[in-house]
Amino acid sequence: MKLLKTALCLALALLLLAPGAAALAEGETLIFDAQGLAAIADDPAGSYALARDIDLGGADWTPIAFSGTLDGRGHTLYNLRVRVPGADERVTRDGNLKAYETVFAGLFSVLEEAELRDLHLKGVDVELETDSHCFAAALAGYIDHSSLVGCSVEGRVAMTGSAVMVGVGGLAGYGCGALRDCSADVELFYEDCCFEARCEQFMGGALACGIADVDGCTVRVDGWDSCHGYVHNGGLVGMWYLCGMNYPLGSFTDNSVSGQICFFEDNPDRRAYCAPFRGESLSGVRRYDGNEEDFTRSEVYDYDVVLRPERCEAPEIDEEITPAGCGSWGWTRHVCRGCGRAWTDRYTPPAHSAGDWALVEEPGFDRPGLERRTCTVCGAVLGERAVPALVASTSCLLDRHETALRSGESLALTASVTPADASGGALVWTSSDESVARVDGAGLVTAVGPGSAVIRAETADGLCADSCTVTVRGGALHWLRSLFE
């Protein structure tokens with residue numbers, strides 16, 4: 001029992017010390033699957049960490065409100081699909097501080113004093129059709145004194161709306177907080193169906209509307225915006241604005257923006273805000289330096305055609321599947337033969353080719369051993385497990401200790417070894433004189449010639465043995481042979 005406990009302890013230690021493993025913080029809950037992620041809604045102020053990459057492609061995701069901490073630990077949530085806003089409403093305010101009851105969509109609907117760190121999203125597909133005031137983004141539609149640190153998103157955020165206060169963002173939709181060392185590679189789309197009133201529309205590769213500490217972020221944006229109201233578009237932030245929230249002036253440093261936003265503003269009172277970093281600035285900034293851009297502002301004056309990334313009315317799409325590799329993701333790439341528009345979806349996580357378990361440390365009677373499994377392609381260690389320590393044999397007893405046979409006869413000897421699970425329980429059989437009697441590996445004794453021989457059974461660990469004396473009497477052939485000698 002003591003040896004078993006030792007083996008179990010070693011196995012647990014190996015699990016905790018495996019590559020990529022990290023110790024749990026006090027009160028932190030590990031998330032292993034989509035169900036565990038959705039369970040955050042039961043304790044939205046809790047502390048969580050991802051245990052692995054998680055596929056969210058099984059069903060449409062319902063955005064949830066969160067006010068705790070989620071540590072992605074470098075793992076990825078992939079194939080996120082959102083089609084409805086979350087249930088939570090908050091007040092948003094336009095540039096004139098006019099208030100709107102608003103809904104939100106993304107992985108999270110609302111983040112309030114929350115922190116997301118080292119979390120990655122691939123294959124984001126947020127697409128809404130709503131008549132509510134609404135903000136949508138990949139990570140969160142609304143942030144309030146929350147931080148996104150070391151996070152990344154890849155995918156699409158699209159909205160067709162008929163309300164006034166609306167916006168789409170890469171990382172976040174509306175609010176205030178910190179966006180540090182994050183990246184976004186996003187296609188953003190908005191179609192305005194509100195013809196009775198002029199909408200307040202916002203689009204930003206990182207944040208659609210609000211103010212934040214935006215530092216060290218990298219954004220590639222492909223934006224498409226058809227608006228019959230007021231446009232506020234920015235490569236990073238659509239409108240830089242305190243928006244009625246109690247937050248200090250943010251910083252804007254060491255960011256990189258590339259891509260384009262194509263838009264129209266069908267409005268006689270034209271503003272047409274669209275710029276590489278901040279579309280419109282209504283608030284100051286604490287620090288502003290080190291920012292780089294390769295951004296195209298593309299304004300269109302034909303208001304009858306909705307601006308879309310796809311240009312073919314009846315597109316013919318080719319698909320190319322890239323399988324996952326040891327350290328690379330797999331995906332499906334779609335390309336239109338006519339206009340060349342391309343996008344990727346159906347991501348699959350990196351996959352190693354597991355070899356057989358191999359013994360790397362022999363077990364002993366006083367210690368467990370170790371087995372290891374590695375990838376047959378790249379050699380990465382995929383798992384380790386303890387091999388139980390050896391169990392010593394304590395006795396070996398034959399079913400008889402002497403017997404007599406005639407030449408040519410056979411007899412099977414049997415032996416009992418204790419304990420039954422002894423590691424050295426296998427027996428080694430030998431004969432002291434094979435001209436008298438031979439014995440095989442199963443204990444079958446065959447008489448050969450007259451005389452006496454000792455048949456010995458010894459446990460493989462060499463700790464126990466027993467023997468049987470075999471006397472062989474000569475048969476008729478031996479008697480005739482002796483007459484002529």
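N96 places no side-chain N or O within donor-acceptor distance of the main-chain N or O of K98, the cut-off being under 3.5 Å. Judged purely by atom type and a 3.5 angstrom limit, S132 has no side-chain atom pairing as donor or acceptor with the backbone of T130. With hydrogens and angles ignored, the 3.5 Å screen pairs a side-chain donor or acceptor of R52 with a backbone N or O of F32. Under a 3.5 Å cut-off, the side chain of S146 and the backbone N or O of L111 do form a donor-acceptor pair. Looking only at distances, no side-chain donor or acceptor of D131 sits under 3.5 Å from a matching main-chain atom of S162. Counting only distance, with no hydrogens or angles, the side chain of R286 and the backbone of L249 share a donor-acceptor pair below 3.5 Å. Using modelled atom types, one side-chain atom of N267 and one backbone atom of G229 make a donor-acceptor pair closer than 3.5 Å. Using a distance-only test at 3.5 Å, with no hydrogens or angles considered, no donor-acceptor pair links the side chain of S256 to the main chain of T218. The main-chain N or O of G325 is found under 3.5 Å from a side-chain atom of S328 such that the two form a donor-acceptor pair. Between the side chain of D118 and the main chain of G74, a donor-acceptor pair closer than 3.5 Å is present.
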(request) Determine, step by step, whether C274 and F295 satisfy the side chain to side chain contact (heavy atoms under 4.5 Å, CB included) criterion, reporting the C-alpha distance in whole Å, the side-chain angles of both residues, the deciding distance to 0.1 Å, and the verdict. (result) CA-CA 10 Å; C274 184; F295 178 83; 4.1 Å; yes
(message) Could you go through V110 and Y142, starting from their C-alpha distance and side-chain angles, then the distance that decides it, and tell me whether this counts as side chain to side chain contact (heavy atoms under 4.5 Å, CB included)?
(response) CA-CA 5 Å; V110 169; Y142 177 92; 3.7 Å; yes
(request) Determine, stepwise, if the pair E28 / R73 fulfils salt bridge (Lys or Arg N to Asp or Glu O under 4.0 Å). (result) CA-CA 13 Å; E28 193 172 47; R73 295 191 174 180; 3.0 Å; yes
(message) Between E187 and R220, is the salt bridge (Lys or Arg N to Asp or Glu O under 4.0 Å) condition met? List the steps.
(response) CA-CA 9 Å; E187 179 184 283; R220 193 193 74 81; over 6 Å; no
(message) Run the salt bridge (Lys or Arg N to Asp or Glu O under 4.0 Å) test on R337 and D318 for me, step by step, so that the C-alpha distance in whole Å, both residues' side-chain angles and the decisive distance to 0.1 Å come before the verdict.
(response) CA-CA 7 Å; R337 295 179 185 177; D318 292 325; 2.8 Å; yes
(request) Give the intermediate values and the outcome of side-chain hydrogen bond (donor to acceptor under 3.5 Å, both in side chains) for residues D215 and N255. (result) CA-CA 6 Å; D215 302 305; N255 301 295; 5.3 Å; no
(request) Verify side chain to side chain contact (heavy atoms under 4.5 Å, CB included) between L107 and L37, making sure each step is shown before the conclusion. (result) CA-CA 10 Å; L107 175 66; L37 188 67; 4.1 Å; yes
(message) Using the rule given for salt bridge (Lys or Arg N to Asp or Glu O under 4.0 Å), can you reason through R297 versus E299, listing the C-alpha separation, both sets of side-chain angles and the distance that settles it, and then say yes or no?
(response) CA-CA 6 Å; R297 178 189 190 275; E299 186 174 3; 3.3 Å; yes
(request) Take Y100 and D94 through the test side-chain hydrogen bond (donor to acceptor under 3.5 Å, both in side chains) and record every step on the way to the result. (result) CA-CA 8 Å; Y100 303 84; D94 64 17; 2.9 Å; yes
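Between V124 and L139 the shortest side-chain heavy-atom distance does not fall below 4.5 Å. Contact annotation: the side chain of S109 never approaches that of V103 to less than 4.5 Å [non-hydrogen atoms, C-beta and beyond]. No side-chain heavy atom of M203 sits less than 4.5 Å from a side-chain heavy atom of V237. Side-chain contact check for V300 versus F263: every heavy-atom pair is 4.5 Å or farther apart. Put simply, the side chain of M159 does not reach to within 4.5 Å of the side chain of V126, judged on heavy atoms. With contacts defined as side-chain heavy-atom distances shorter than 4.5 Å, the pair L207/L236 does not qualify. Side-chain atoms of P63 and F108, non-hydrogen and from C-beta on, never get closer than 4.5 Å to each other. Between I31 and I40, some side-chain heavy-atom pair lies under the 4.5 Å cut-off.
Residues R308 and E191 are paired through a salt bridge, judged by an N-O separation under 4.0 Å between the basic side chain and the carboxylate. Classification of D60 and R83 as a salt-bridged pair fails, no side-chain N sitting under 4.0 Å from a carboxylate O. Using a 4.0 Å cut-off between a side-chain N of Lys or Arg and a carboxylate O of Asp or Glu, R385 and E361 do not qualify as a salt bridge. With respect to the salt-bridge test (charged N to carboxylate O, under 4.0 angstrom), the residues R333 and E320 do not qualify. A salt bridge links R346 with E319: the closest approach of a Lys/Arg side-chain nitrogen to an acidic carboxylate oxygen falls below 4.0 angstrom.
Other residues, nucleotides and ligands contribute at most 12 non-hydrogen atoms within 6.0 Å of the CG atom of N246. Applying the 6.0 Å contact sphere to CD of E129 captures no more than 12 heavy atoms from other residues, nucleotides or ligands. A 6.0 Å sphere centred on CD of E113 holds no more than 12 heavy atoms belonging to other residues, nucleotides or ligands.
Distance check, rounded to the nearest 0.5 Å: OG1 of T69 to CG of L116 gives 8.5 Å. To the nearest 0.5 Å, the span separating CZ on R156 from CD on E127 amounts to 5.0 Å. Taking CZ from F104 and CG from L128, the interatomic distance works out to 12.5 Å, rounded to the nearest 0.5 Å. Note that the CD1 atom of I317 and the SG atom of C336 stand 4.5 Å from one another [nearest 0.5 Å]. The distance from atom SG of C262 to atom CG of D222, rounded to the nearest 0.5 Å, is 9.0 Å. How far CZ of R81 is from CG of D345: 10.5 Å, rounded to the nearest 0.5 Å.
A324 and P349 make their closest contact through CB-O, 3.1 Å (heavy atoms, listed as atom of the first residue, atom of the second, distance). Minimum interatomic distance between P44 and A65 (heavy atoms only, all atoms of both residues): CB-O, 3.6 Å. In plain terms, the two heavy atoms of G150 and C182 that are nearest each other are N-SG, 3.9 Å. Of all the heavy atoms in D33 and G36, the pair that sits closest is OD1-N, 2.8 Å. Of all non-hydrogen atoms in V335 and A342, the two that sit nearest each other are CG2-CB, 3.9 Å. In plain terms, the two heavy atoms of D269 and E265 that are nearest each other are O-OE2, 4.2 Å.
Side-chain polar atoms of H232 and E280 form a donor-acceptor pair below 3.5 angstrom. A donor and an acceptor atom, one from each side chain of T102 and T92, are located under 3.5 Å apart. D213 and S251 are linked by a side-chain donor-acceptor pair at a separation below 3.5 angstrom, with hydrogens and angles left out of the test. In this model, a donor atom of one side chain and an acceptor atom of the other lie less than 3.5 Å apart for R198 and Y230.
Ring geometry for F252 against Y288 counts as parallel: the plane angle stays under 30°, on a 0 to 90° scale with 60° as the upper cut. Taking the six-membered ring where tryptophan is involved, the planes of Y78 and W329 are perpendicular, since the angle between them exceeds 60° and thus also 30°. Using the six-membered ring where Trp is involved, Y48 and F66 have ring planes that are tilted, between 30° and 60° apart.
In summary, the aromatic rings of H228 and F264 are positioned with their centroids under 6.0 Å apart.
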